[in-house]
Amino acid sequence: MDSKTAKGSILVVDDSPEQIEAVAHMLYQNGFKAQLARDGARALELLKRSKPDLILLDVYMPEMDGFEVCRRIKEDDGTSRIPIIFFTASNDEASIQKAFALGAQDYVTKPFKSVELLARVNAHIKIRRQAKELEKSYKELDSFCYTVAHDLKAPLLSIQKLSEYLVQDFYDKLGEEGNELVGHIQNKSSEIVLLVNRLLEFARFSDMSLKIEPIDLNELFHEVFEELMRLSPNRKIQFAVEKIPLVSADRIMIRQLIANVLSNAIKYTRKKENAVISVGSEYDGNMVTVFVRDNGAGFDMRYSEKLFKVFQRLHSQNEFEGTGAGLAIAQRIIQRHGGSVWMTGEMEKGATFYFRLDGVKK
Ligand SMILES: Nc1ncnc2c1ncn2[C@@H]1O[C@H](COP(=O)(O)OP(=O)(O)OP(=O)(O)O)[C@@H](O)[C@H]1O
Ligand SMILES: [Mg+2]
């Protein structure tokens, strides 16, 4: 059976010849294609050449143990999304916990039962396939978004230019009413140009490749805050950042996320006399959760599912200006890092934005 007709390809990593043979036999019997590696180094070598749908990994192996193999697989952008099922001893609670902490998806205890192993393999392959399809649809949608925005931009800029000429060359003929109408056309087309630019920005962050490195968010929050405050020199805001541990992320993208979130906190506290924005974090040894809290206009939690959708807003343009793209871009940035975002708020009391990212392991 070749890899196209197989139900899925699986890399089995185990130093015991009996175990590896038993697993390979069972997989083959059930229509899977199996690649076998007797040690961690060989497994990593095979992964450079082909990417399986799933990895079955033994914990205890001489030289490089399963945890180290898992760590390296999850560290590499090319392999990090392949699901890993560990083989562990049934009473080995510590190993099971460590495997999950390193990003493994599941475990099966030894000696394994074929029915159980097969059920888990099938389930994880199905989830992986669905995730791949979802990724593909996202990509298609992003590129559609980009093409539409890109193709709209040139004719829109022409409309703006043409209406400028109209005013310049025909001011007298247009009269007061005519000039007012052209003014409306100019305002509306500027609004659409702004939306199109935000859509292009959204597509850019969906597409650009990630350069993961340790980032000091403390510095970055202060830097971005000061930059944004230069645009509102008359505002007085009490701003504090509690010490945040290092995170592993792409600096350019995270800077943009911080800019979008802080610009919201600054904007939506505009009507408060004593505006306060505080940034803090929690660290569980693995992931860092950062929050940005403000005491501004807040929002109604009943409509919170709208917050992260492109061009959806919970405040009117008259109350607070905006396009409704900032949080959609922020969410996409965090999704690209495999993290998560959410927000809580209360009308007139304020809002808190949370994002969760990989920490830097010590
Ligand atoms: N800190 C906040 N306090 C209250 N409401 C908020 C806050 N941040 C976001 N929102 C609500 O979520 C909506 C979406 O936010 P988002 O940043 O995407 O858009 P925006 O600020 O309206 O426009 P822009 O594209 O310029 O960022 C906002 O319109 C607002 O209703
Ligand atoms: Mg915004």
Side-chain angles (χ1 to χ4, degrees), residues 198 202 205 215-229 231-232 235-249 253-316 319-359:
R198 295 292 265 164
F202 181 74
F205 283 107
I215 309 179
D216 180 355
L217 291 178
N218 304 276
E219 238 173 62
L220 205 55
F221 265 105
H222 281 290
E223 201 180 296
V224 177
F225 181 75
E226 272 151 37
E227 216 170 270
L228 291 170
M229 287 304 282
L231 304 173
S232 321
R235 293 283 310 275
K236 287 237 163 352
I237 298 175
Q238 192 185 319
F239 180 66
V241 183
E242 264 178 40
K243 184 113 186 75
I244 311 170
L246 289 178
V247 295
S248 293
M253 288 205 183
I254 296 302
R255 192 178 212 290
Q256 186 62 48
L257 167 123
I258 292 176
N260 291 5
V261 174
L262 281 183
S263 72
N264 282 349
I266 294 172
K267 176 163 59 180
Y268 296 100
T269 52
R270 194 167 57 203
K271 294 178 182 164
K272 298 282 164 177
E273 212 161 296
N274 299 309
V276 181
I277 302 175
S278 45
V279 181
S281 64
E282 268 173 32
Y283 182 43
D284 65 10
N286 226 347
M287 306 278 286
V288 180
T289 305
V290 182
F291 64 83
V292 180
R293 179 165 297 139
D294 69 62
N295 63 343
F299 59 88
D300 189 337
M301 283 292 278
R302 278 180 301 172
Y303 307 113
S304 61
E305 86 284 358
K306 275 187 170 183
L307 291 168
F308 296 100
K309 295 195 173 134
V310 190
F311 300 151
Q312 300 245 13
R313 312 194 60 227
L314 301 187
H315 293 87
S316 72
E319 223 185 334
F320 293 103
E321 71 295 341
T323 57
L327 288 183
I329 294 171
Q331 185 185 47
R332 183 49 66 90
I333 287 174
I334 291 294
Q335 277 171 347
R336 294 282 319 275
H337 285 79
S340 48
V341 287
W342 65 101
M343 211 169 165
T344 58
E346 197 179 335
M347 291 288 273
E348 289 312 323
K349 293 241 168 90
T352 309
F353 176 92
Y354 297 85
F355 64 96
R356 196 165 148 80
L357 276 177
D358 282 336

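All values below come from the heavy atoms of this structure, side chains included, with hydrogens, waters and symmetry mates left out.
Each of Leu246, Val279, Val247 was checked for a side-chain contact (heavy atoms from CB on, under 4.5 Å) with Leu217, and the lone residue meeting it is Val247. Checking Leu228, Leu231, Val224 one by one against Ser263, the side-chain contact (heavy atoms from CB on, under 4.5 Å) holds for a single residue, Leu228.
Partners of Glu321 by salt bridge (charged side-chain N to carboxylate O under 4.0 Å, His left out), not counting sequence neighbours, listed by chain and number: Arg270. Residues passing the ring-ring contact (aromatic ring centres under 6.0 Å, His included) test with Phe320 are Tyr268, His315, sequence neighbours excluded. The ring-ring contact (aromatic ring centres under 6.0 Å, His included) search around Phe353 returns none, not counting sequence neighbours. Judged as a salt bridge (charged side-chain N to carboxylate O under 4.0 Å, His left out), and not counting sequence neighbours, the contacts of Lys272 are Glu348. Under the rule for a side chain to side chain donor-acceptor pair (under 3.5 Å), Gln312 has no partner lying at least two apart in sequence or in another chain. Scanning for salt bridge (charged side-chain N to carboxylate O under 4.0 Å, His left out) contacts around Glu319 gives an empty result, with sequence neighbours left out. Residues meeting the ring-ring contact (aromatic ring centres under 6.0 Å, His included) test with His222, sequence neighbours left out: Phe239. In this structure, Arg293 has no salt bridge (charged side-chain N to carboxylate O under 4.0 Å, His left out) partners at least two apart in sequence or on a different chain. With sequence neighbours excluded, the residues satisfying side-chain contact (heavy atoms from CB on, under 4.5 Å) with Arg332 are Tyr138, Asp142, Phe202, Ser206, Gln335, Arg336. In this view, Ala351 and Asp294, Phe299, Met343 satisfy the side-chain contact (heavy atoms from CB on, under 4.5 Å) rule, not counting sequence neighbours.
Between the CZ atom in Phe205 and the CD1 atom in Ile329 there is a gap of 7.0 Å [rounded to 0.5 Å]. Here the CG-CD distance, from Asn260 to Gln331, works out to 12.5 Å after rounding to the nearest 0.5 Å. Expressed to the nearest 0.5 Å, how far CZ of Phe225 lies from CD1 of Ile258 amounts to 13.0 Å. Distance CG/Leu307 to CG/Leu327: 6.0 Å, rounded to 0.5 Å. Note that CD1 of Ile237 and CG of Leu262 are 9.0 Å apart. Values are rounded to the nearest 0.5 Å. Residue Asn295 holds its CG atom at 11.5 Å from CD of Glu273, rounded to the nearest 0.5 Å.
The salt bridge (Lys or Arg N to Asp or Glu O under 4.0 Å) pairs that include a residue from residues 259-268 number zero, where partners must be two or more places apart or lie in different chains. Applying the side-chain hydrogen bond (donor to acceptor under 3.5 Å, both in side chains) test to residues at least two apart or on different chains, the pairs with a partner in residues 235-246 are Arg235-Thr269.
Judged by distance alone, the side chain of Asp300 and the main-chain N or O of Tyr303 form no donor-acceptor pair under 3.5 Å.
Closest approach of Asp284 to Asn286, counting heavy atoms only: OD1-N, 2.9 Å.
Annotation: Lys271, atom NZ; neighbour count of heavy atoms from other residues, nucleotides and ligands within 6.0 Å is above 12.
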Task: Candidate pair Trp342 and Arg356, rule side-chain contact (heavy atoms from CB on, under 4.5 Å), full reasoning - done: CA-CA 9 Å; Trp342 65 101; Arg356 196 165 148 80; 4.1 Å; yes
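The shortest side-chain heavy-atom distance between Ile254 and Ile334 falls under the 4.5 Å cut-off. Counting heavy atoms from C-beta on, the side chains of Asp358 and His337 never come closer than 4.5 Å.
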